[in-house]
Amino acid sequence: MAFAERNEKMMKRQILLIVAGLTAGFSLSAQPSMKRNSDIEVIKTMKLIEKASMVCGTGWNDSSQMVTGVAGTTFGLPEYGITNALLTDGPAGVRINVDQFGTKVHTTAFPVNTAMAATWDLALEEAVGAAVGEEIKDLNMDAILAPAINIQRNPLCGRNFEYYSEDPLLAGKMAASYIRGVQSEGVGATLKHFVANNSETNRFTVNCVVSQRALREIYLRAFEIAVREGRPWAVMTSYNRLNGFYTSQNHELLKDVLRGDWNYNGMVMTDWGGGNDPVAQMKAGNDLLMPGNYDQIKGIVEAVKDKVLDEATLDENIGHILTFVRKTPRYRGYQPTLAPDFAAHRKLVRKAGAEGMVLLKNSGSMLPVASRKKVALFGKGSYATAGCGTGSGYVNAEHFVTLEEGMANSGYRVDETLKSAYGAYIKKAFADWKETEWYFPKEAAAIYATEMEIDEASVRAAAVRDNFAVITIQRCSGEGWDRKEKDYFELSPAESDLISEVTAAFHARRKKVVVVLNVSSAIETVSWRDKVDAILVSWLPGEEAGNSIADVLTGKVSPCGRLPMTFPEKYSDEPSTGNFPGEPADNPANVFYSEGIYVGYRYFATVGVKAAYPFGYGLSYATFKYSNMWVDPKFFPEGGKVTVSFSVTNVGKKAGREVCELYVEAPNGTIDKPVYELKGFAKTRLLQPGEFENVSIEINSKEIASYWSGMHAWVADEGEYKVSVGSSPTSLPLESIFTVRNRIVVETTSDVLYPNLPVEDMEPRVQE
Ligand code: BGC
């Protein structure tokens, strides 16, 4: 159902609800009443209709919203002192309307999650989380519907930019840091979308068929790390089905895994309109139905009356909701300042955006380029630079700094002829924009437009006028739809021609060309990369986009980002292509995750498929030397951990920060394992030439274990484990070993989540 249609239907139901006289608790109270009762007292006193209303949000587009544009509000019971909680999107910043509190309020657009994961900097992500938390709190809201953490299973997933990585350790640690940051401000974070929401096509119905092992080691693992280490106030279930059941109606997922195996005691909410059976959702432990509607309330009341739903189940769910509400600033009577420190947040965006950029190529040390130079900026993305994606991940920032503005701000002299040609093209893209689908917003008209064609004479003239060229290749995406190989992964003919023409004209005059990839996920690079001198992946770096990119081009910031996902040579090299977006491909009912645990680099490295740029890859202007590796202890203590220590010295001429990646190669044991897996990482401080830092990374026994479905346990095989440390999988100068003397059963789990249809996991090493 189209979003608008759904929206309208929900609104009608909301009106029905009001007509039905069930509005008592819908009045939104800005302040808690003086009367505060304990949860048990409140629940005991609540009438059935109040209970059923409490487990549902106050509906789509609740007209009494105190902050317009929030995604949803929980039901309030002023007579018991229970305030409403205002929940807002989304991962890269606070998504509310601009008109607020009688004035214009633009929130901060931070770098998207993929860009943050590319920083590999947990402290920076925590700082971003805290800044988002401050905006939530001081703009009179209570929780953010973020972080989003699903695994980037395929480059075409429309929401990849909202997610961190193809690797669960990197994704989980990043999410935990974001959650800690947000919640340090006394507002809630919502970990979403639990789980296996790795594509958008038919997202309201599609069934993801995933083996227990792939779930535990890849898809659930990221959530597990974030839940255990971040302790989010809320978890949002996903739209899709998992192994036959909607995730919001999946008792095994919510009760056995989330609350049982992981000891989670926070609140669980649905995604907006997710699932199809409110009673099943209640029973499964999905406490809160968002955004909530009349039919759900009515269904729950009737189910209790008909003895199909035990009232005690409702009480348990309400208990989680009340615990959540009591932590919120609104309940605690916090007086929002309505003036978060936007200036400080803008600075943070500029820094974080630059630190997530990944330098893929830098021939002849083309970069950095002195800022007084004359620059020819090609590609519409140079003048309409994308700072965030669309859908609920969009942020109404005051202004997204374009690359052209950023270059001018940094002192480059921008070619005015090109600027006016592209300016006219962008103006036309806005004029031609037509409202088709809700996920193509007007703000992104130029970003979603096709690339402008430019005649060769204009390119040659620019090569005479300017000192160097930047070509921006742009891709954006958003929720509700997946991209296609042709329209996303591959370059369009206009883009390929642009690269060929610009490189030919500039190289003929011994001038260099850099390509900026302003993209939301991995794209094709092999057909054109040899033509250009440098490639910088900027991702969607937030509202300071142009300034952050310019900071890297000028050398103010030495690139220190690393790819959080593999850049394949061809789309067909991806292990999931046969099953993305599912079967049948034009209208998928099921997605079979038959690559099993071999997602991203786990597949490329193990099967020996060459990637264009591997996961973890990225260059720097500085040069780092690794030394003094020490693994302690050498024999893995049961239930314990080993610490890997080493030194990193900047032996180059420029200052920089280094991402240190630690991979472990398991012994050939009982279970098929990838050749290597990321088991830890760290980022140094800014090291001046000659400076060094001692780094320590811990590896616990769960990290080296695999999930043995037959035993429903995490098991680490005995034998020698090789540990390698370095800048990326292509440069791992330090190696050592530790030994597991006897097989360790690290943890047993519930034996649940069997696939409902046959799915045969890939086992590349066994087949050899
Ligand atoms: C998205 C969620 C979002 C919610 C509220 C849904 O369509 O999937 O990520 O938080 O809407 O806007």
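Note that ligands are numbered from 1 as they come in the structure, with each ligand's atoms numbered from 1 the same way. Model, not experiment: these values are computed from the prediction.
- Looking at ligand 1, you'll find an N or O of Asp89 within less than 3.5 Å of one of its N or O atoms.
- Using a 4.0 Å cut-off between heavy atoms, Glu162 makes no contact with ligand 1 at all.
- Per-residue contacts place Met236 under 4.0 angstrom from the following atoms of ligand 1 (heavy atoms of the residue considered): 10 (O).
- Of the heavy atoms in Arg95, only side-chain atoms (C-beta onward) come closer than 4.0 Å to ligand 1.
- For Glu200, no heavy-atom contact with ligand 1 is shorter than 4.0 Å.
- Only the side chain of Lys192 comes within 4.0 Å of ligand 1, judged by heavy-atom distances.
- Counted by atom type alone, Thr270 and Tyr246 present zero donor-acceptor pairs between their side chains at under 3.5 Å.
- Sorted by first then second residue, the ring-ring contact (aromatic ring centres under 6.0 Å, His included) pairs that include residues 83-115, not counting sequence neighbours, number zero.
- Near His193, meaning under 4.0 Å from one of its heavy atoms, ligand 1 places the atoms 2 (C), 8 (O), 9 (O).
- In summary, the atoms of ligand 1 found under 4.0 Å from a heavy atom of Leu145, numbered by their order in the structure, are 10 (O).
- Environment of CZ in Phe245: sparse, with no more than 12 heavy atoms of neighbouring residues, nucleotides or ligands closer than 6.0 Å.
- Residue Arg159 approaches ligand 1 through these ligand atoms, each under 4.0 Å from one of its heavy atoms: 1 (C), 2 (C), 8 (O), 9 (O).
- Tyr163 and His193 have perpendicular rings, their planes meeting at more than 60° on a 0 to 90° scale where under 30° would count as parallel.
- For the residue pair Thr107 and Glu135, no side-chain donor N or O sits within less than 3.5 Å of a side-chain acceptor on the partner.
- Note that OG of Ser184 is 12.0 Å distant from CD1 of Ile179, once rounded to the nearest 0.5 Å.
- One finds the CG atom of Leu753 at 6.5 Å from the CG atom of Leu220 (value rounded to the nearest 0.5 Å).
- For Arg346, the salt bridge (charged side-chain N to carboxylate O under 4.0 Å, His left out) test picks out Glu543, Glu544, with sequence neighbours left out.
- Residue-ligand proximity, Arg203 to ligand 1, at heavy-atom distances under 4.0 Å covers atoms 7 (O), 8 (O).
- Ligand 1 places these atoms under 4.0 Å from at least one heavy atom of Ala71: 5 (C), 12 (O).
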